[in-house]
K.L.:
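Structure below; questions to follow.
Bear in mind the structure is a predicted one, so any value in this text is a computation, not a measurement.
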Amino acid sequence: QVRLVESGGGSVQAGGSLRLSCAASGYYYPYYCMAWFRQAPGKEREGVATIDSDGATSSADSVMGRFTISQDIAENTLYLQMNSLKPEDTAMYYCAADRESSDCYSGSWWGRFGSWGQGTQVTVST
């Protein structure tokens, strides 16, 4: 199983930017779907963005044009660049990995992902 460790969260004012990182270690998957999810208190877990082993990406409508998912394969690191942050982006952000690359998109059911990080908190104030 892949070990995932997120970092980069913090507190920013609305309109600011943060870049989240997710370092992966352990078992190597030749094909995969990697994702960022978020969950705010009292709300359901929401898929934010995905990237697969071919580099194809998908983003939720709520973050389209503001958030960008990317990966550094050599460094085994997943990133989420978050710009123009809004208070409604406040949540715990998690990265997740699935050893299957098919149907990898931001609406993917969270249950398909077998590996999860511990989460990093993002707080956006007005």
Side-chain angles (χ1 to χ4, degrees):
Q1 194 172 12
V2 176
R3 181 172 181 260
L4 303 173
V5 180
E6 301 99 332
S7 61
S11 297
V12 295
Q13 290 189 322
S17 298
L18 284 172
R19 188 175 81 155
L20 305 184
S21 299
C22 173
S25 61
Y27 189 79
Y28 168 71
Y29 298 154
Y31 302 100
Y32 56 81
C33 175
M34 297 287 294
W36 286 98
F37 283 82
R38 65 186 181 186
Q39 188 165 20
K43 294 188 176 182
E44 292 187 356
R45 196 174 316 188
E46 175 190 18
V48 175
T50 60
I51 189 166
D52 68 17
S53 42
D54 289 331
T57 62
S58 171
S59 298
D61 289 344
S62 59
V63 305
M64 191 78 69
R66 300 187 299 122
F67 292 10
T68 302
I69 189 171
S70 63
Q71 60 185 348
D72 185 329
I73 295 175
E75 296 294 327
N76 293 325
T77 303
L78 179 73
Y79 298 101
L80 185 69
Q81 178 66 45
M82 304 186 296
N83 299 326
S84 302
L85 282 160
K86 304 176 180 180
E88 51 264 42
D89 295 319
T90 295
M92 185 72 80
Y93 283 71
Y94 301 90
C95 69
D98 180 12
R99 64 177 66 193
E100 296 290 336
S101 62
S102 60
D103 298 320
C104 181
Y105 66 106
S106 60
S108 295
W109 176 52
W110 61 267
R112 70 172 280 179
F113 296 92
S115 299
W116 291 83
Q118 83 289 350
T120 186
Q121 177 68 37
V122 172
T123 303
V124 185
S125 59
T126 56

K.L.:
I need the full list of disulfide (SG to SG under 2.5 Å) pairs touching residues 36-65, with sequence neighbours left out, sorted by first then second residue.
P.N.:
none
K.L.:
Quick one: which residue pairs count as a salt bridge (Lys or Arg N to Asp or Glu O under 4.0 Å) with a foot in residues 7-18, not counting sequence neighbours?
P.N.:
none
K.L.:
Rounded to the nearest 0.5 Å, what's the gap from CZ on F67 to CG on L20? Could you check?
P.N.:
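Separation between the atoms: 8.0 Å.
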K.L.:
Hey, any chance Y29 and W110 share a hydrophobic cluster, counting ILVMFWY side chains that come within less than 4.5 Å of each other, even indirectly?
P.N.:
no
K.L.:
Kindly write out the residues that satisfy side chain to side chain donor-acceptor pair (under 3.5 Å) with S115, not counting sequence neighbours, or none if the list is empty.
P.N.:
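Per chain and number, S115 pairs via side chain to side chain donor-acceptor pair (under 3.5 Å) with no residue.
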K.L.:
With sequence neighbours left out, write down each residue that passes side-chain contact (heavy atoms from CB on, under 4.5 Å) with A56, or none if nothing qualifies.
P.N.:
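Here the qualifying residues are D52.
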K.L.:
Could you see if M34 belongs to whatever hydrophobic cluster contains V2? Use Ile, Leu, Val, Met, Phe, Trp, Tyr and a side-chain cutoff under 4.5 Å.
P.N.:
yes
K.L.:
Indicate if W116 and W109 have the same hydrophobic cluster label, given that clusters are the connected sets of ILVMFWY residues with side-chain heavy-atom separations under 4.5 angstrom.
P.N.:
yes
K.L.:
Might you point out which heavy atoms bring E46 and S62 nearest each other, and give the distance in Å?
P.N.:
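Result for this residue pair: OE2-OG, 3.1 Å.
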K.L.:
CD/Q121 to CD/E6 distance, rounded to the nearest 0.5 angstrom?
P.N.:
12.0 Å
K.L.:
Checking the side chain of S58 only, and the main-chain atoms of S106 only, is there a donor and an acceptor separated by less than 3.5 Å?
P.N.:
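At least one qualifying donor-acceptor pair exists.
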K.L.:
Take atom CD of Q118 as the centre, draw a 6.0 Å sphere, and report whether it contains more than 12 heavy atoms from other residues, nucleotides or ligands.
P.N.:
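Yes, the 6.0 Å shell around CD holds more than 12 heavy atoms from other groups.
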K.L.:
What's the shortest heavy-atom distance between A23 and T77, and which atoms?
P.N.:
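Closest approach of A23 to T77: CA-OG1, 4.3 Å.
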K.L.:
Same cluster for V63 and V122 if Ile/Leu/Val/Met/Phe/Trp/Tyr side chains link at under 4.5 Å?
P.N.:
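V63 and V122: one cluster.
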K.L.:
Roughly how far, to the nearest 0.5 Å, is CG of L4 from CG of N76?
P.N.:
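Atom-to-atom, N76:CG and L4:CG are 10.5 Å apart.
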K.L.:
Quick one: list whatever passes ring pair (Phe, Tyr, Trp, His ring centres under 6.0 Å) with F113, sequence neighbours left out.
P.N.:
F37
K.L.:
Can you list every disulfide (SG to SG under 2.5 Å) pair that touches residues 25-71, not counting sequence neighbours?
P.N.:
C33-C104
K.L.:
At what distance, to the nearest 0.5 angstrom, does CG of L80 lie from OG of S59?
P.N.:
8.0 Å
K.L.:
If you compare all heavy atoms of Q39 against all heavy atoms of K43, which two are closest, and at what distance to 0.1 Å?
P.N.:
NE2-O, 3.1 Å
K.L.:
How many angstroms lie between atom OG1 of T50 and atom CD1 of I69, to the nearest 0.5 angstrom?
P.N.:
6.0 Å
K.L.:
Other than V5, what residues sit in its cluster of Ile, Leu, Val, Met, Phe, Trp and Tyr side chains whose heavy atoms are under 4.5 Å apart, directly or through others?
P.N.:
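Via sub-4.5 Å side-chain contacts, V5 links to none.
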K.L.:
Show me the pairs that pass side chain to side chain donor-acceptor pair (under 3.5 Å) and involve residues 80-93, at least two apart or across chains.
P.N.:
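Qualifying pairs, neighbours excluded: S17-N83, R38-D89, R38-Y93, R66-D89, Q81-N83.
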K.L.:
Partners of Y32 by ring pair (Phe, Tyr, Trp, His ring centres under 6.0 Å), sequence neighbours excluded?
P.N.:
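Here no residue qualifies.
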K.L.:
Strictly by salt bridge (Lys or Arg N to Asp or Glu O under 4.0 Å), give each pair with a member in residues 54-63 just once, sequence neighbours left out.
P.N.:
none
K.L.:
Side chains of residues 94-101: which donor-acceptor partners sit under 3.5 Å, not counting sequence neighbours?
P.N.:
residue : atom : partner : partner atom : Å
D98     : OD1  : E100    : N            : 3.2
D98     : OD2  : R112    : NE           : 2.5
D98     : OD2  : R112    : NH2          : 2.8

